[in-house]
Amino acid sequence: AQSVTQPDIHITVSEGASLELRCNYSYGATPYLFWYVQSPGQGLQLLLKYFSGDTLVQGIKGFEAEFKRSQSSFNLRKPSVHWSDAAEYFCAVGARTGANNLFFGTGTRLTVIP
Amino acid sequence: NAGVTQTPKFRVLKTGQSMTLLCAQDMNHEYMYWYRQDPGMGLRLIHYSVGEGTTAKGEVPDGYNVSRLKKQNFLLGLESAAPSQTSVYFCASSSGGAGGMYNEQFFGPGTRLTVL
C-alpha cells in the first residue's frame, strides 16, 4: 500500500523568503501526486497535481512542485512567500491501479513572519 | 455558487447518541467523499460515492454509514457515537470522468464533532 511522509511538522519563514516543503512517498510504481492547502478554519484547496509528463508542475498562487522518481519525492516550492501563504499544506498520493483512495500526509504547518 | 456546504458546523454528542451530517454540492459533481481529520494525522477517507444511489467504503468506514439518495447530497451517519469519533469531518466532491477520484476535489468547511 502507498504511504506519504511529510518530515516537517512546522516551518517558519520570513515574508519574501523562498520556501520548500518536503514530501516523500512509498509506492511500487509512480503514483498520482497532489499538494493541497488548508487555510485556518477552511477546507482543503488543490494547489497542483502530477499525473505524467513534465516532472516540474506549476500550480496556483505561484507554487510549483518537482517529481523526482529516484528520490520518491514531490517537494513543493515557492520563490517568495507572502503572509497569506500561512496555512497547512498536505501532500497526497493516489494509486494508478487497484483500490481508489487518496492517501494524505500528516501535513506541514507554515508560519510566515514579517 | 456555494460550492460544497456542510451542516452543522459544530456538534457535541454523548456516547451512544446518533446523528447525521449533511453535505450538499451545487457543482453537479458525480463523486462525493467523507473524510475525517485528526490531530497529527492526514485526512482519512471514510466512505465515498461515485454516483447517485451508490456508496463504497474507504480507509476507515467502521462506525459510519452513508447514503446518496440525491446527486447533490451525501449524508454521513453515526448510529452510536463513540469518543473515538471525535474529529473534524470534511465532505468533498469532484467531477467524474477519466480521472475519477483523482480529479480535483472541492472541500467543504468541515464539521467539528465532539463525543463525550
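Residue numbering restarts at 1 for every chain, and letters A, B, ... go by the order of the sequence lines.
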*Asks:* Hey, any chance A/Leu76 and A/Leu110 share a hydrophobic cluster, counting ILVMFWY side chains that come within less than 4.5 Å of each other, even indirectly?
*Replies:* yes
*Asks:* What do you reckon, is CD1 of A/Ile9 surrounded by more than 12 foreign heavy atoms closer than 6.0 Å?
*Replies:* no
*Asks:* Starting at CG of A/Leu102, measure out to CG of B/Leu45 and round the result to the nearest 0.5 Å.
*Replies:* 8.0 Å
*Asks:* Please report the interatomic distance CG(A/Leu46) to CG(B/Asn103), rounded to the nearest 0.5 Å.
*Replies:*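 Between atom CG of A/Leu46 and atom CG of B/Asn103 there are 10.0 Å.
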*Asks:* Could you tell me which portion of B/Tyr35 (side chain, backbone, both or neither) has an atom closer than 4.5 angstrom to a non-hydrogen atom of chain A?
*Replies:* side chain
*Asks:* Is it possible for you to say whether B/Tyr33 and A/Phe34 belong to one hydrophobic cluster, with membership spreading through side-chain heavy-atom contacts below 4.5 Å?
*Replies:* yes
*Asks:* Walk me through whether B/Glu59 and A/Phe103 qualify under side chain to side chain contact (heavy atoms under 4.5 Å, CB included).
*Replies:* CA-CA 9 Å; B/Glu59 185 185 357; A/Phe103 287 92; 3.9 Å; yes
*Asks:* Would you say A/Tyr32 and B/Met101 make side-chain contact, with heavy atoms under 4.5 Å?
*Replies:* no
*Asks:* Are A/Val37 and A/Leu21 grouped together when hydrophobic residues (ILVMFWY) are joined by side-chain heavy atoms under 4.5 angstrom apart?
*Replies:*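 Cluster IDs for A/Val37 and A/Leu21 match.
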*Asks:* If hydrophobic clusters are built from ILVMFWY residues whose side chains come within less than 4.5 Å, do A/Tyr50 and A/Trp35 share one?
*Replies:* yes
*Asks:* Please round to the nearest 0.5 Å and tell me the distance separating atom CD of A/Gln45 and atom CD of B/Gln105.
*Replies:* 13.5 Å
*Asks:* Working to the nearest 0.5 angstrom, can you tell me the gap between A/Leu47 CG and B/Glu104 CD?
*Replies:*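 A/Leu47 atom CG to B/Glu104 atom CD measures 9.5 Å (nearest 0.5 Å).
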*Asks:* If you draw a 6.0 Å radius around CD in B/Glu79, do more than 12 non-hydrogen atoms from other residues or ligands fall strictly inside?
*Replies:*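 No, because the 6.0 Å sphere around CD of B/Glu79 holds 12 heavy atoms or fewer from other groups.
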*Asks:* Same cluster for B/Tyr31 and A/Phe51 if Ile/Leu/Val/Met/Phe/Trp/Tyr side chains link at under 4.5 Å?
*Replies:* yes
*Asks:* Would you give the length of the straight line joining atom CD of A/Gln38 to atom CZ of B/Phe90, rounded to the nearest 0.5 angstrom?
*Replies:* 4.5 Å
*Asks:* Is the side chain of B/Tyr102 donor-acceptor paired with the backbone N or O of A/Leu33 at a distance under 3.5 Å, no angle test?
*Replies:* no
